[in-house]
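Note that the numbering runs from 1 along the sequence shown for the chain. Just so it is clear, the model here is predicted, and its values are computed rather than measured.
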Amino acid sequence: WNSMVARFLKTPLVWAALAGATFYFFVHQPKFQGTLVHKYTTEHVTEYVIVLLFFWASSHLIIRFLGLGREREAFGQDLLPPVQGLEQPTMASEYCQRLDETPDWVAATMLGRRLRLALKFVHERASADGIREYLQELAERDSNETHAGYSFPRFVAGVTPVLGLLGTVVHFGGALNGLASDQLMAQLPTMVTGMG
């Protein structure tokens with residue numbers, strides 16, 4: 001049950017829904033009527049979508065930022081004994097067992113995963129030959145994984161201007177709807193107001 005609740009609370013969409021509901025609860029209060037915040041976030045459905053996407057991407061970034069604390073805290077753990085000099089490759093299995101005794105959250109960090117894979121590499125080969133290249137490969141893999149983890153905020157940053165343009169086009173369409181050329185001068189003030 002606790003892990004399910006923890007997973008639920010780590011879902012950016014949940015926090016975005018809460019933030020969006022709170023935001024619109026306050027924006028629809030009478031004291032916000034007529035303000036710029038109300039005007040630019042409530043007049044059309046695209047504005048609601050943009051605001052909710054903003055909260056969704058922001059929640060994603062905040063959750064990722066808060067996860068950095070665990071990564072930083074993992075560096076403070078005694079995962080390996082102090083260096084006494086060169087170690088024999090056979091010690092890798094003993095160090096792996098020591099890693100197994102650490103809390104689960106340490107093993108889930110980037111440092112814990114990378115250290116376990118490096119020790120496993122040395123243990124399986126019974127040699128440290130090629131470890132530098134393997135560590136560089138692990139670093140590149142983690143870098144690609146981190147970059148991919150920010151794909152949704154990058155998507156939101158790219159799609160938001162398109163949604164803004166869509167809202168503009170919809171408002172122009174509404175302003176020009178049913179306007180005949182002979183009525184152009186008479187309806188000009190209404191049309192300009194709609195476009196505004």
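Note on Leu79: it does not cluster hydrophobically with Ile131, by side-chain heavy-atom contacts below 4.5 Å among ILVMFWY residues. In terms of hydrophobic clustering, with Ile, Leu, Val, Met, Phe, Trp and Tyr side chains grouped at heavy-atom distances under 4.5 Å, Ile50 and Val162 are assigned to different clusters. Follow the hydrophobic side-chain contacts under 4.5 Å out from Leu52 and you never reach Leu18; the two are in separate clusters. Under the 4.5 Å side-chain heavy-atom criterion for Ile, Leu, Val, Met, Phe, Trp and Tyr, Leu66 and Phe152 are members of distinct hydrophobic clusters.
Residue Glu140 holds its CD atom at 7.0 Å from CD of Gln136, rounded to the nearest 0.5 Å. Taken to the nearest 0.5 Å, the CD atom of Glu73 stands 12.5 Å off from the CG atom of Leu68. Separating the OH atom in Tyr95 from the CD atom in Glu87 is a distance of 3.0 Å, to the nearest 0.5 Å. Expressed to the nearest 0.5 Å, how far OG1 of Thr42 lies from NZ of Lys39 amounts to 10.5 Å. Here the CZ atom belonging to Arg116 is positioned 6.5 Å from the OG1 atom belonging to Thr102, to the nearest 0.5 angstrom. Atom SG of residue Cys96 and atom CG of residue Leu117 lie 9.0 Å apart, to the nearest 0.5 angstrom.
Ionic pairing of Arg98 and Glu94 is not present here: no N-O contact between side-chain nitrogen and carboxylate oxygen is shorter than 4.0 angstrom. The residues Arg113 and Glu145 are annotated as salt-bridged, a charged nitrogen and a carboxylate oxygen being separated by less than 4.0 angstrom.
When every heavy atom of His38 is checked against every heavy atom of His28, the shortest pair comes out as NE2-ND1, 4.0 Å. Taking every heavy atom of both residues into account, Ala74 and Leu111 meet most closely at O-CD2, 3.7 Å. For the residue pair Ala118 and Leu135, the shortest heavy atom distance occurs at CB-CD2, 3.7 Å. The two residues Arg114 and Leu138 make their nearest non-hydrogen contact at CG-CD1, 3.7 Å. Closest non-hydrogen pair, Ala16 versus Ser59, comes out as N-OG, 3.4 Å. Taking both residues in full, the closest heavy atoms of Pro153 and Leu61 are given as CG-CD2, 3.8 Å, listed atom of the first, atom of the second, then distance.
Looking at heavy atoms from C-beta onward, Trp105 lies in side-chain contact with Gln77 at the 4.5 angstrom threshold. No side-chain heavy atom of Phe26 sits under 4.5 Å from any side-chain heavy atom of Lys31. Residues Phe54 and Val156 have side chains not in contact (no heavy-atom distance under 4.5 Å, counting atoms from C-beta outward). Between His147 and Arg154, the closest side-chain pair of non-hydrogen atoms falls below 4.5 Å.
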*Run the side-chain contact (heavy atoms from CB on, under 4.5 Å) check on Gln33 and Val27 step by step: do they pass?*
CA-CA 8 Å; Gln33 299 294 324; Val27 165; over 6 Å; no
*For Phe55 and Phe23, what are the C-alpha separation, side-chain angles and deciding distance, and is it a ring pair (Phe, Tyr, Trp, His ring centres under 6.0 Å)?*
CA-CA 10 Å; Phe55 283 127; Phe23 175 79; 5.7 Å; yes
*asked:* Between Met110 and Thr146, is the side-chain contact (heavy atoms from CB on, under 4.5 Å) condition met? List the steps.
replied: CA-CA 10 Å; Met110 200 177 295; Thr146 300; 3.6 Å; yes
*Apply side-chain contact (heavy atoms from CB on, under 4.5 Å) to Leu99 and Leu80, showing your working.*
CA-CA 8 Å; Leu99 271 178; Leu80 296 174; 5.6 Å; no
*Determine, step by step, whether Phe65 and Ile62 satisfy the side-chain contact (heavy atoms from CB on, under 4.5 Å) criterion, reporting the C-alpha distance in whole Å, the side-chain angles of both residues, the deciding distance to 0.1 Å, and the verdict.*
CA-CA 5 Å; Phe65 177 75; Ile62 290 168; 5.5 Å; no
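The aromatic rings of Phe121 and Tyr134 sit parallel, their planes meeting at an angle under 30°, below the 60° perpendicular limit.
With His123 contributing its side chain and Met91 its backbone, the two residues share no donor-acceptor pair below 3.5 Å. Put simply, the side chain of Glu47 gets close to the backbone of His44: a donor and an acceptor are under 3.5 Å apart. Distance alone, capped at 3.5 Å, places no donor-acceptor pair between the Thr160 side chain and the Ala157 backbone. Counting only distance, with no hydrogens or angles, the side chain of Ser143 and the backbone of Ala139 share no donor-acceptor pair below 3.5 Å. Between the side chain of Glu71 and the backbone N or O of Thr109, no donor-acceptor pair lies under 3.5 Å. A donor-acceptor pair under 3.5 Å links the side-chain atoms of Ser127 to the main chain of Asp129, judged by distance alone.
In summary, of the residues considered (Trp56, Tyr40, Tyr24), a side-chain contact (heavy atoms from CB on, under 4.5 Å) with Val51 occurs for Tyr24 alone.
Within a 6.0 Å sphere centred on OH of Tyr48, heavy atoms belonging to other residues, nucleotides or ligands number more than 12. Atom CZ of Arg64 has more than 12 neighbouring heavy atoms from other residues, nucleotides or ligands inside a 6.0 Å radius. No more than 12 heavy atoms of other residues, nucleotides or ligands lie within 6.0 Å of CZ in Phe155, so this atom counts as exposed by the packing criterion. Other residues, nucleotides and ligands contribute over 12 non-hydrogen atoms within 6.0 Å of the CD atom of Gln29. The environment of Asp104 atom CG is sparse: at most 12 non-hydrogen atoms of other residues, nucleotides or ligands sit within 6.0 angstrom.
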